[in-house]
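Have a look at the structure below, then the notes.
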Amino acid sequence: MLQVQFLRENKQSVVQSLKVKNFDASTIIDKVIELDDNRKSTQSSSNDLLARANSIAKEIGVLFKTGKGEEANSLKEESSQIKEKTKVLQSNLSEIESEIRDLLVQIPNVPHSSVPEGKSDEDNETIKEVGTIPKLGKNKKPHWDLCSDYNLIDFELGNKITGAGFPVYTNKGAKLQRALISYFLDKNTGAGYTEFQPPHLVNEASGFGTGQLPDKEGQMYQVTEDNLYLIPTAEVPITNFFRDVIVKKEDFPIKCTAYTPCFRREAGSYGKDVRGLNRLHQFDKVEILQVQHPNKSYETLDLMVDHVASILDELELPYRILRLCGGDLSFTSALTYDFEVYSGGQDRWLEVSSVSNFESYQSNRLKLRYKDKTGKNKLCHTLNGSALALPRIFAALIENNQTTSGINIPKVLQEYTRFDIIE
RNA sequence: GGAGAGAUGGCAGAGUGGUCGAAUGCACUGGUCUUGAAAACCAGCGUACAGCAAUGUACCGGGGGUUCGAAUCCCUCUCUCUCCGCCA
């Protein structure tokens, strides 16, 4: 959510920048400012009345103390009239405030100046491509075939006990999964991130804090009996650690990492995108997240990108880094780099990480602030990314490393898996 | 699941109808003192909105009510704790 003050001061540039996201902000900003003017004047007349009512109450107190209670009657009369008036003003005010809020949540975050124009993922800008596309020959298989050949994942069993999109990892598949989680967490903590194990269910307030609620309610699994939601990403619980928090500026940067399963309803997905591990209702992910001073957040974004890249380097997976264009950039992000690995069995790029700077967009909603030099509270910047999402890494690893004699495990994982080949 | 207790500022903890945005202690910040530090002393120290400012208004878990006036009384919701039951 953007701040009204910010919109007032930067209307033209905001409108201009949001064109990159294909969003016409002009009318909505005018409406917000108009409502905010209205808010100010309503609040100020209400405050004047309340001030009078407060002083009447004090006067009456004095009158009663000095035994002149009967002189209070006319004051009481005035006070109850004031009460009528303020009641109306107050209800107008809360209506105006909720209208402003409703409008503000419709305005996406302002994209960073480096965000390229574009309508869809086809317009994303490839800024780096690393590694070589594997040449697998014509006997190559996609991961779903490899999974059944080598007994790594039982999709049918998952269908039986839960449904489509809930795979059962078995044998060396389960071990590889566990190895990846440990390896990712070790890499992240090694880079200074503090490890957390958050709850996998969150309450309504947390859903609002990170913006899943009220709009994207349909994307989350809900436990209605207790009014809790299964997390779609660790970002939700971890970011909400910082809801209503004022951090000390010497604490910057705050770096968190967590492994969690992620639950997504993925309503409306179909086709080759959902085959095998490509898109699941439950999947594992290790997330990294930082809270940073506004002056340093872009420096931090670069560091996070480098960090994710170093993991993919070690896994020896070919990957490319994309700068998302305005049309593909998420609602809340100012700048996002996507990581895609090449999965040789399917011959396609798979998104495995998305690293974003939200600037103060999340912080404003969360009320996550720090005290600046003059003691004023200012909004922090938040950033997060996957390091990394498991299923597509799993898919790319087994597809790219398949040989006629088995699937080779990259060196860096072997101390975690305790085997170097799946036969 | 049953019974009870509670929710106040960063923390601890007073406050049961008026001058309480809230005592006191700790923590924190600045100053005096000191070669330096500690101690002691002095001062400051919640958040939001409006305003150039003085200041005003709101907030004592959330919402509603009674009253001229509510942290304090009433209703309701949420959460936490204790005991019992169940249990990894």
Side-chain angles (χ1 to χ4, degrees), chain A residues 1-9 32-104 197-209 213-214 222-229 237 240-252 254 291 360 363-380:
Chain A
M1 204 162 71
L2 298 170
Q3 297 182 105
V4 179
Q5 191 59 26
F6 175 79
L7 294 175
R8 279 184 185 278
E9 287 164 7
V32 166
I33 291 171
E34 189 191 326
L35 281 166
D36 195 54
D37 289 338
N38 202 344
R39 192 204 100 238
K40 284 186 188 182
S41 67
T42 308
Q43 192 173 55
S44 117
S45 22
S46 169
N47 282 356
D48 291 347
L49 288 171
L50 286 170
R52 174 64 187 148
N54 284 343
S55 81
I56 287 174
K58 278 179 188 164
E59 281 179 56
I60 292 175
V62 173
L63 287 174
F64 272 101
K65 274 233 167 95
T66 53
K68 300 182 207 157
E70 67 284 356
E71 293 177 23
N73 285 335
S74 69
L75 288 172
K76 283 191 186 178
E77 175 59 25
E78 186 184 351
S79 181
S80 66
Q81 281 173 14
I82 288 174
K83 200 177 173 180
E84 294 295 309
K85 287 184 202 162
T86 50
K87 227 174 191 171
V88 175
L89 288 174
Q90 286 295 317
S91 84
N92 288 349
L93 189 61
S94 55
E95 198 170 307
I96 293 166
E97 280 170 347
S98 82
E99 279 177 50
I100 292 173
R101 205 190 149 78
D102 287 349
L103 291 176
L104 284 179
Q197 281 201 25
H200 300 164
L201 281 83
V202 293
N203 58 27
E204 223 176 341
S206 296
F208 277 104
L213 296 174
Q222 187 178 7
V223 182
T224 48
E225 183 77 17
D226 299 292
N227 209 16
L228 296 171
Y229 297 83
N240 274 282
F241 286 177
F242 302 100
R243 172 152 45 89
D244 294 317
V245 167
I246 298 173
V247 301
K248 299 192 196 86
K249 65 176 185 309
E250 59 265 31
D251 292 341
F252 288 134
I254 300 171
V291 179
S360 60
S363 295
N364 188 32
R365 192 158 178 152
L366 292 163
K367 299 205 173 62
L368 165 54
R369 293 161 295 175
Y370 68 97
K371 277 199 194 303
D372 72 3
K373 280 185 195 129
T374 65
K376 273 200 80 170
N377 291 328
K378 295 277 182 60
L379 295 172
C380 301

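Bear in mind the structure is a predicted one, so any value in this text is a computation, not a measurement. All chains are named by letter (A, B, ...) in the order of the sequence lines, taking the proteins before the strands, and each is independently numbered beginning at 1.
Nucleotides B/U72 and B/A14 place their C1' atoms 13 Å apart, quoted to the nearest Å. As rounded to the nearest Å, B/G44 and B/A23 have P atoms that lie 13 Å from one another. Between B/C11 and B/U66, the distance separating the two P atoms is 33 Å to the nearest Å. Taking the C1' atoms as reference points, B/G10 lies 9 Å from B/C28, given to the whole Å. Straight-line distance between the C1' atoms of B/C33 and B/A38: roughly 12 Å, to the nearest whole Å. Rounded to the nearest Å, the gap between the C1' atom of B/G64 and that of B/A50 is 27 Å. Here, B/C83 and B/A22 have their C1' atoms 34 Å apart, quoted to the whole Å. For the P atoms, the distance linking B/A71 with B/C20 amounts to 12 Å, nearest Å.
Ranking B/A48, B/A58, B/G56 by closeness to the A/N377 side chain, first place goes to B/A48. The listed nucleotides are B/A50, B/C68, B/U57; the one nearest the side chain of A/Q43 is B/A50. Nearest to the side-chain atoms of A/R39 among the listed nucleotides B/G46, B/C68, B/C49 stands B/C49. The side chain of A/K371 approaches B/U47 more closely than any other nucleotide in the set B/U57, B/U47, B/C68. In this structure, the nucleotide among B/U47, B/U57, B/C68 sitting nearest to the side chain of A/N47 is B/U57. For A/K40, whose side chain is taken as the heavy atoms from C-beta onward, the closest listed nucleotide among B/G56, B/C68, B/A50 is B/A50. Among the nucleotides B/A58, B/U47, B/C68, the one closest to the side chain of A/A57 is B/C68. Of the candidate nucleotides B/U47, B/U57, B/U67, B/U67 has the atom nearest to the side chain of A/K83. When distances are taken from the side chain of A/K87 to each of B/U47, B/G56, B/G65, the shortest belongs to B/G65. Considering only the side chain of A/R369, B/U47 comes nearest among B/A50, B/U47, B/U57.
The side chain to side chain contact (heavy atoms under 4.5 Å, CB included) test with A/R369 is passed by exactly one of A/V245, A/V247, A/L379: A/L379.
Rounded to an integer number of Å, the gap from CZ of A/R243 to P of B/G61 is 18 Å. Rounded to whole Å, the distance from CG on A/D37 to P on B/C49 is 16 Å. Put simply, CG on A/N203 is 10 Å from C1' on B/C79, counting in whole angstrom units. Rounded to whole angstrom, the span from the NZ atom of A/K58 across to the P atom of B/U57 amounts to 7 Å. In this structure, A/N227 places its CG atom 12 Å from C1' of B/C77, rounding to the nearest Å. As a whole-Å value, the separation of A/L50 CG from B/G69 C1' is 13 Å. As rounded to whole Å, 13 Å separates atom C1' of B/C49 from atom CD of A/Q3. Between the CD atom of A/E204 and the P atom of B/G63 there is a distance of 15 Å, given to the nearest Å.
A 4.5 Å side-chain heavy-atom check between A/I246 and A/Y370 finds every atom pair outside the cut-off.
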Point to revise | Chi angles and distances behind the salt bridge (charged side-chain N to carboxylate O under 4.0 Å, His left out) call for A/R8, A/D37 | key: CA-CA 11 Å; A/R8 279 184 185 278; A/D37 289 338; 2.7 Å; yes
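Base pairing of B/G36: no nucleotide in any strand meets the Watson-Crick or G-U wobble criterion (both distances under 3.5 Å). Nucleotide B/G30 forms a pair with B/C42, judged by Watson-Crick or G-U wobble geometry with both contacts under 3.5 Å. Pair check for B/A71 finds none; no Watson-Crick or G-U wobble contact set falls under 3.5 Å. Across all strands shown, B/U82 pairs with B/A3; the Watson-Crick or G-U wobble distances both stay below 3.5 Å. In this structure B/U66 sits in no base pair that meets the Watson-Crick or G-U test at under 3.5 Å. Nucleotide B/G56 forms a pair with B/C49, judged by Watson-Crick or G-U wobble geometry with both contacts under 3.5 Å.
Judged by distance alone, the side chains of A/N203 and A/S206 do bring a donor and an acceptor atom under 3.5 Å apart.
Between A/N54 and B/U57 there is a side-chain polar atom (N or O) within less than 4.0 angstrom of OP1 or OP2.
Heavy-atom nearest nucleotides on RNA chain B were determined for A/D48 and for A/S44, and the one closer to the 5' end corresponds to A/S44. Map A/S46 and A/D226 each onto its nearest nucleotide of RNA chain B; the residue landing nearer the 5' end is A/S46.
In terms of modelled atom types and a separation under 3.5 Å, the side chain of A/T86 and the main chain of A/I82 share a donor-acceptor contact.
Salt-bridge check for A/R39 with A/E34: failed, with every basic side-chain N at 4.0 Å or more from each acidic carboxylate O. A salt bridge does not link A/K367 to A/D244: none of the charged nitrogens lies less than 4.0 Å from a carboxylate oxygen.
The minimum heavy-atom distance linking A/T42 with A/L89 is given by the pair CG2-O, 3.7 Å.
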